[in-house]
**Student:** 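Take this structure, written in structure tokens, and hold onto it; I'll ask about it next.
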Amino acid sequence: FFLMDGIRFAKMHGSGNDFVVIDNRDQVVPAADAPEAARIFCRRKFGVGADGLILIENSDKADFRWGFYNADGSEAEMCGNGGRCAARFAFLNGIAPADMTFETLAGTISAQVKGNRVKLELSLPHGLFLDRALDVAGDEVVVSFINTGVPHVVVMVDDIETAPVSELGRTLRNHDFFAPDGANVNFVSAGDGRLYVRTYERGVEDETLACGTGSVAAALVASMKGMAGSPVDVVTRGRETLRVYHRVNRDSGAIAEVFLEGGAVLVYQGVARELFQA
């Protein structure tokens with residue numbers, strides 16, 4: 001994968017969830033090549049290294065459209081941390097104003113950029129259920145579920161530090177109940193008026209330092225269970241704090257609005273010239 005003229009990119013992160021972001025309005029990465037480009041750019045040591053690739057593209061419905069690809073090349077509907085990075089990138093590069101909208105596979109997202117922080121209004125979640133027992137290798141595991149743009153399992157734990165994120169996370173992510181698409185898996189504990197979350201992400205196939213839509217899922221499930229209000233601070237594995245605003249009806253399960261606020265950091269910009277799939 002040899003880049004004759006190079007491809008300009010930015011390396012960004014939201015709470016340690018890191019991304020390669022490319023202005024793709026001129027199709028420097030053709031749509032057919034996007035999955036391979038994600039695998040190549042995101043591969044650590046051989047590429048730039050990231051959890052995902054974000055392509056900023058033209059839209060006739062919003063300020064821009066994004067294409068979001070996980071490190072394994074799979075396309076994802078939405079990513080809260082990536083959404084904040086995309087919004088700040090678009091603002092810094094004159095693609096969109098501070099108050100903007102952008103298209104995703106999960107719907108049109110609103111964003112407001114304030115310095116290096118971004119507040120997203122997410123599309124309304126769906127598919128909520130609470131406290132369902134699943135059989136996992138002969139053991140009963142109680143899980144909740146909500147789709148906050150992407151599907152999320154939520155498992156409440158007493159101690160976030162000892163949560164079996166890699167082992168149980170991988171098993172639940174591939175559980176037949178969530179087939180064929182699978183789901184991200186969030187382990188959540190509450191304390192000191194805050195939530196603490198660790199997430200096993202599909203597509204990355206490992207624990208990440210943060211997951212924006214996972215933090216939203218954790219906040220909404222905790223709210224429905226009477227464990228959190230609005231706004232609520234969610235502490236990620238990277239030790240950064242995301243703030244989730246929401247309006248829910250615990251009796252009916254109706255969710256009226258959801259906002260996610262947190263940092264979006266521009267680490268560096270560069271030009272990729274020689275990348276290959278080793």
Side-chain angles (χ1 to χ4, degrees), residues 1 3 6-44 47-59 61-96 100-113 116-120 122-123 148-150 184 201-204 208-214 242 260 262-272 275:
F1 192 77
L3 311 171
I7 294 180
R8 296 186 178 276
F9 70 92
K11 177 68 179 289
M12 303 185 72
H13 80 82
S15 302
N17 201 187
D18 60 341
F19 309 96
V20 172
V21 188
I22 296 172
D23 181 350
N24 201 42
R25 290 177 296 166
D26 291 331
Q27 293 295 294
V28 293
V29 178
D33 294 340
E36 181 187 12
R39 290 189 290 270
I40 292 171
F41 270 99
C42 293
R43 192 176 188 204
R44 302 188 190 276
V48 177
D51 293 326
L53 171 67
I54 297 171
L55 302 177
I56 304 297
E57 302 181 335
N58 292 311
S59 169
K61 298 179 181 178
D63 291 299
F64 64 92
R65 176 189 179 277
W66 87 342
F68 182 88
Y69 297 85
N70 291 309
D72 66 355
S74 59
E75 190 170 12
E77 301 91 333
M78 180 51 190
C79 172
N81 292 327
R84 297 200 312 280
C85 290
R88 188 166 183 231
F89 177 92
F91 174 69
L92 291 175
N93 287 277
I95 299 169
M100 69 184 75
T101 59
F102 62 97
E103 286 187 83
T104 75
L105 292 180
T108 300
I109 304 297
S110 300
Q112 184 177 51
V113 179
N116 65 358
R117 292 184 68 80
V118 179
K119 186 176 182 179
L120 297 180
L122 303 180
S123 55
T148 55
V150 291
N184 300 296
E201 286 201 54
R202 62 175 190 168
V204 179
T208 57
L209 291 179
C211 176
T213 54
L242 299 174
L260 172 67
V265 178
L266 175 61
V267 181
Y268 63 86
Q269 299 179 84
V271 179
L275 295 175

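Here the structure is a predicted model, which means the values were calculated and not measured.
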**Student:** Residues in ring-ring contact (aromatic ring centres under 6.0 Å, His included) with Phe89, at least two apart?
**Tutor:**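 Residues passing ring-ring contact (aromatic ring centres under 6.0 Å, His included) with Phe89: none at all.
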**Student:** Do Asn17 and Glu201 come within less than 4.5 Å of each other through their side chains, counting heavy atoms only?
**Tutor:**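 With C-beta onward as the side chain, the pair touches.
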**Student:** Identify, with sequence neighbours excluded, every residue that meets side-chain hydrogen bond (donor to acceptor under 3.5 Å, both in side chains) alongside Asp63.
**Tutor:**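 Once residues adjacent in sequence are excluded, Asp63 has no partner under the side-chain hydrogen bond (donor to acceptor under 3.5 Å, both in side chains) criterion.
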**Student:** Show the nearest heavy-atom pair for residues Ala264 and Val118, with the distance to one decimal.
**Tutor:**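 Heavy-atom minimum between the residues: CB-CG2, 4.1 Å.
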**Student:** Can you list everything that forms a side-chain hydrogen bond (donor to acceptor under 3.5 Å, both in side chains) with Thr108? Sequence neighbours excluded, please.
**Tutor:**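 Partners of Thr108 under the side-chain hydrogen bond (donor to acceptor under 3.5 Å, both in side chains) test: none.
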**Student:** Tell me, yes or no, whether the heavy-atom count around Arg117 atom CZ, taken from other residues, nucleotides or ligands under 6.0 Å, exceeds 12.
**Tutor:**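 Buried by this count: over 12 neighbours within 6.0 Å.
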**Student:** Testing the basics here: between Asp18 and Gly49, what is the closest heavy-atom pair and its distance to 0.1 Å?
**Tutor:**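 Nearest heavy atoms, Asp18 then Gly49: OD2-O, 3.7 Å.
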**Student:** Thr148: what forms a side-chain hydrogen bond (donor to acceptor under 3.5 Å, both in side chains) with it, not counting sequence neighbours?
**Tutor:**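 For Thr148, no residue satisfies side-chain hydrogen bond (donor to acceptor under 3.5 Å, both in side chains) once neighbours in sequence are set aside.
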**Student:** If you compare all heavy atoms of Val113 against all heavy atoms of Ala87, which two are closest, and at what distance to 0.1 Å?
**Tutor:**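 In terms of heavy atoms, the two residues are closest at CG2-O, 3.9 Å.
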**Student:** What pairs with Leu266 under side chain to side chain contact (heavy atoms under 4.5 Å, CB included), at least two apart in sequence or on another chain?
**Tutor:**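 Here the qualifying residues are Ala10, Met12, Arg88, Leu92, Gln269.
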**Student:** Run Ile54 and Cys79 through side chain to side chain contact (heavy atoms under 4.5 Å, CB included) and show every step you take.
**Tutor:** CA-CA 10 Å; Ile54 297 171; Cys79 172; over 6 Å; no
**Student:** Quick one, Val28 and Phe9 - any side-chain contact, counting heavy atoms below 4.5 Å?
**Tutor:**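 Answer no - side chains too far apart.
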**Student:** Could you tell me which residues satisfy side-chain hydrogen bond (donor to acceptor under 3.5 Å, both in side chains) with Glu57, sequence neighbours excluded, listed by chain and number?
**Tutor:**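 Only Asn24, Arg65 meet the side-chain hydrogen bond (donor to acceptor under 3.5 Å, both in side chains) criterion with Glu57.
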**Student:** Looking at Ala86 and Ile56, what are the two nearest heavy atoms and their distance?
**Tutor:**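 Answer, listing the atom of Ala86 first, then Ile56: CB-CD1, 3.9 Å.
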**Student:** What are the two closest non-hydrogen atoms of Ala90 and Phe64, and how far apart are they?
**Tutor:**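 Where Ala90 meets Phe64 most closely, the heavy atoms are CB-CE2, 3.4 Å.
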**Student:** Output every pair passing salt bridge (charged side-chain N to carboxylate O under 4.0 Å, His left out) with a member in residues 71-80, not counting sequence neighbours, ordered by first then second residue.
**Tutor:**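 Those involving residues 71-80 are Glu77-Arg202.
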**Student:** Taking side chain as C-beta onward, heavy atoms only, is Asn81 less than 4.5 Å from Phe19?
**Tutor:**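 Touching, per the 4.5 Å side-chain cut-off.
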**Student:** Identify, with sequence neighbours excluded, every residue that meets salt bridge (Lys or Arg N to Asp or Glu O under 4.0 Å) alongside Asp51.
**Tutor:**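 Residues passing salt bridge (Lys or Arg N to Asp or Glu O under 4.0 Å) with Asp51: Arg44.
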**Student:** Check side chain to side chain contact (heavy atoms under 4.5 Å, CB included) between Arg25 and all other residues, then give those that pass, not counting sequence neighbours.
**Tutor:**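 For Arg25, the residues satisfying side chain to side chain contact (heavy atoms under 4.5 Å, CB included) (neighbours in sequence not counted) are Asp23, Asn58, Ile95.
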**Student:** Can you check side chain to side chain contact (heavy atoms under 4.5 Å, CB included) on Ile109 and Met78, steps first, answer last?
**Tutor:** CA-CA 10 Å; Ile109 304 297; Met78 180 51 190; 4.2 Å; yes
**Student:** What's the shortest heavy-atom distance between Val29 and Ala34, and which atoms?
**Tutor:**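 Closest heavy-atom pair between Val29 and Ala34: CG1-CA, 4.0 Å.
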**Student:** Is a side-chain N or O of Lys11 found less than 3.5 angstrom from the main chain of Gly270, in a donor-acceptor match?
**Tutor:**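 Absent.
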**Student:** Tyr69: what forms a ring-ring contact (aromatic ring centres under 6.0 Å, His included) with it, not counting sequence neighbours?
**Tutor:**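 ring-ring contact (aromatic ring centres under 6.0 Å, His included) list for Tyr69, sorted by chain: empty.
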**Student:** Can you sort out the partners of Lys119 under salt bridge (Lys or Arg N to Asp or Glu O under 4.0 Å), two or more places apart, ordered by chain and number?
**Tutor:**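 So Lys119 forms no salt bridge (Lys or Arg N to Asp or Glu O under 4.0 Å) with any residue.
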**Student:** Please check if the side chain of Arg84 supplies one atom and the backbone of Leu120 the other of a donor-acceptor pair under 3.5 Å.
**Tutor:**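 Such a contact is absent between Arg84 side chain and Leu120 backbone.
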